[in-house]
Amino acid sequence: MKSNDCSNENKAPKIPLIVICSPTATGKTQLALDLAETAGGEILNADSLQVYRYMDIGTAKPGLDERNRVPHHLIDVVDPDEDYNAALYAQQARSIIDDLNRKKKPVFVVGGTGLYIRALLSGIIETPPVDENLRNYYRSLRDRRGREYLYGLLQHRDPQAALRINPNDSVRVIRALEVLDQSGESIVTLQLKHAFSDCPYEALKIGLSVERNVLKERIAARTAKMLEAGLIDEVQSLLARGYGENLKPLQSLGYKQVIDFLRGRCNREEAVHQINRDTWHYSKRQMTWFSADKTIDWFAPDQQETIKNRLKEFLSPKI
RNA sequence: GGGUCGGUAGCUCAGUCGGUAGAGCAUCGGACUGAAAAUCCGAGUGUCGGCAGUUCAAUUCUGCCCUGACCCA
């Protein structure tokens, strides 16, 4: 039912791509840097928050030295108050890949945002761009009359979509209503038609798996390092630039909790605890997402040599 | 030494007018097609502080003990 129809039926030659995807704090950045450097490739970010400017520490964005070692793409491409999403990402990423492929540069897609990677590799339904007014209208409808009301609306207008969406999941309920309003078609129709079959790439997917309690420790160490590196100052300067705390990217891991701390809604210790806990929850969601993808090859972080051989084997016939 | 209120799931606590219990959080599993570091769904868990008494039946009532907080000496 996952119908990832990316088999090789059509004969158009596929562009090779290396994808490094795994939960946070498993060592993707370092691995990508090593591999890309030796292969003479470039890195294409697949992290939904590293695209934002001024959000460096909390997103564990590669630093300047790392970006000097290997060229990086789709980092720092929008301001925190600009819209960004999976479709936009896929579109931009594909054009960068075309470019690099023309120059015969191996591309290393690196990041933990499963949806972005899927949208890049297999496409995403085509709909008109998100209409913020429309979205806000449905949001306020939800706030005023409740999720049940909104879901009732969907049941009435698009029963097919209502069947596939949980009544409480108002994010998806709203999206379905938007699509219906904007395109006149049910989101389900578009999804069934699309079926993730827009696959111009042949990807080698590499995942790094770290034992759970080790990962928990790495997450805690990472949080501590971020605070030491000045996460609180970074958040303060974002707020000072006039970016409101309700902006989507500021609702993310690390940022949200530091804002709570700065606003006096919790103390520092609680904020740290919540960052660690929420990051752990996030990494578990990532594990659920990535382990459903049976085409990922999993390695332990210390299997550098094995990974390099696998990569060599993947690249050799193509370049 | 006396008194008051507590001791129930890993944590915070609710509850049983006597028929062996439940929420939130944590934990575990899952979903995910233009918000995805978002959003949502599902599932455990217990010698109800200990011992004894009353009772067909006690976590619930009684007694003693242990233990925590506070108050009075």
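In what follows, chains carry the letters A, B, and so on, assigned in the order in which the sequence lines appear, proteins first and then strands, with residues in each chain numbered from 1. The model shown is predicted, which means the values in this text are computed figures rather than measured ones.
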Fill in: Nucleotide nearest Arg135(A) when distance is taken to its side chain, options A38(B), A35(B), C28(B)
A35(B)

Practice prompt. Pick base, sugar-phosphate or nothing for Asp47(A), based on heavy-atom distances below 4.0 Å to the nucleic acid.
Written response: base

Item to complete: Determine: side-chain N/O of Asn168(A) to OP1/OP2 of C41(B), distance under 4.0 Å, yes or no.
Response: yes

Discussion item. Please give the distance between the C1' atoms of A14(B) and A57(B) as a whole number of Å.
Written reply: 25 Å

Worksheet item: Do NZ/NE/NH1/NH2 and the carboxylate oxygens of Arg265(A) and Glu245(A) come within less than 4.0 Å?
Response: yes

Item to complete: Nearest whole angstrom, please: distance from the P of A36(B) to the OH of Tyr255(A).
Response: 15 Å

Practice prompt. Give a yes/no on whether any side-chain N or O of Arg212(A) is located under 4.0 angstrom from OP1 or OP2 of C28(B).
Written response: yes

Worksheet item: Does U27(B) have a Watson-Crick or wobble partner in any strand here, with both distances under 3.5 angstrom, and which is it?
Response: A43(B)

Item to complete: With a 3.5 angstrom cut-off on both distances, give the Watson-Crick or G-U wobble partner of A57(B), or none if there isn't one.
Response: none

Item to complete: Would you please say whether a donor-acceptor pair under 3.5 Å links the side chains of Ser186(A) and Asp158(A)?
Response: yes

Worksheet item: Choosing from U33(B), A36(B), U39(B), which nucleotide comes nearest the side chain of Asp169(A)?
Response: U39(B)

Discussion item. Does G34(B) have OP1 or OP2 under 4.0 Å away from a side-chain N or O of Tyr89(A)?
Written reply: no

Worksheet item: With a 4.0 Å cut-off on heavy atoms, is His281(A) in touch with a base, just the backbone sugar-phosphate, or nothing at all?
Response: sugar-phosphate

Worksheet item: Are any of Trp289(A)'s side-chain N or O atoms less than 4.0 Å away from OP1 or OP2 of G30(B)?
Response: no

Worksheet entry | Rounded distance in Å between the C1' positions of A23(B) and C56(B) | 33 Å

Fill in: Between C40(B) (C1') and Tyr151(A) (OH): distance, integer Å
12 Å

Worksheet item: Separation of Ile174(A) atom CD1 from A35(B) atom C1', in whole Å?
Response: 10 Å

Discussion item. Please report the distance separating the C1' of A73(B) from the corresponding atom of C25(B), rounded so that it comes out in whole Å.
Written reply: 42 Å

Worksheet item: NA contact type, Arg277(A), heavy-atom cut-off 4.0 Å: base, sugar-phosphate, or nothing?
Response: sugar-phosphate

Worksheet item: Could Lys193(A) and Glu185(A) be called an ion pair, given the rule that one side-chain N must be under 4.0 Å from one carboxylate O?
Response: yes

Practice prompt. Can you tell me, in whole Å, how much space there is between the P of U8(B) and that of G15(B)?
Written response: 14 Å

Practice prompt. Just call it for Gly58(A): base, sugar-phosphate, or nothing, with non-hydrogen atoms closer than 4.0 Å on any strand.
Written response: base

Discussion item. In whole Å, measure the gap between the P atoms of C28(B) and U20(B) for me.
Written reply: 32 Å

Practice prompt. Between Lys216(A) and Ile187(A), name the one whose nearest nucleotide on RNA chain B is closer to the 5' end.
Written response: Lys216(A)

Worksheet entry | Nearest heavy atoms of Tyr54(A) and Pro80(A), plus distance in Å | CD1-CD, 3.8 Å

Practice prompt. Taking atom types as modelled, find out whether Gln92(A) and Tyr84(A) have a side-chain donor-acceptor pair closer than 3.5 angstrom.
Written response: yes

Practice prompt. For nucleotides C70(B) and G30(B), find the distance between their P atoms and express it as a whole number of Å.
Written response: 46 Å

Worksheet entry | A35(B) base / Arg139(A) side chain donor-acceptor hit below 3.5 Å | yes

Worksheet item: Between Lys284(A) and U27(B), is there a side-chain N or O to OP1/OP2 distance below 4.0 Å?
Response: no

Item to complete: With C1' as the reference atom in both, quote the distance from C48(B) to C13(B) in angstrom, rounded to an integer.
Response: 13 Å

Worksheet item: Base, sugar-phosphate alone, or nothing: which one does Thr127(A) contact when heavy atoms must sit under 4.0 Å apart?
Response: base

Worksheet entry | Distance, P atom - from U62(B) to C5(B), rounded to whole angstrom | 12 Å

Worksheet item: Once you round it to whole Å, what is the distance between P of G34(B) and CD1 of Ile124(A)?
Response: 5 Å

Fill in: Spacing of Ile117(A) atom CD1 relative to U33(B) atom P, expressed in whole Å
16 Å

Worksheet item: What is the distance, rounded to the nearest whole Å, between atom OH of Tyr282(A) and atom C1' of A35(B)?
Response: 14 Å

Worksheet entry | Closest-nucleotide 5' rank along RNA chain B - winner of Arg147(A) and Phe290(A) | Phe290(A)

Discussion item. When both hydrogen-bonding distances must be under 3.5 Å and the geometry is Watson-Crick or G-U wobble, what is A69(B) paired with, if anything?
Written reply: U4(B)

Worksheet item: Is it true that the NZ or CZ of Arg142(A) lies under 6.0 Å from the centre of Tyr149(A)'s six-membered ring and within 45 degrees of the ring axis?
Response: no

Practice prompt. Determine the interplanar angle of the Tyr116(A) and Tyr89(A) rings, folded into 0 to 90°, and report it as parallel if under 30°, tilted if 30 to 60°, perpendicular if over 60°.
Written response: parallel

Worksheet, complete the sentence: Against the side chain of Ala292(A), the closest entry in C40(B), A31(B), G34(B) is A31(B)

Worksheet item: So does Arg175(A) reach the base of A38(B) with its side chain, donor to acceptor, closer than 3.5 Å?
Response: no

Worksheet item: If you measure only the distance, is there a donor-acceptor pair under 3.5 Å linking the side chains of Tyr282(A) and Gln286(A)?
Response: yes

Discussion item. With a 4.0 Å limit, can you tell me whether Arg285(A) has a side-chain N or O closer than that to the phosphate oxygens OP1/OP2 of C40(B)?
Written reply: no

Fill in: Rounded distance (Å) that lies between atom P of G34(B) and atom CD of Gln182(A)
11 Å

Practice prompt. Indicate, with a heavy-atom threshold strictly under 4.0 Å, whether Thr279(A) touches base, sugar-phosphate, or nothing.
Written response: nothing

Worksheet item: Separation of Asp293(A) atom CG from C32(B) atom C1', in whole Å?
Response: 13 Å

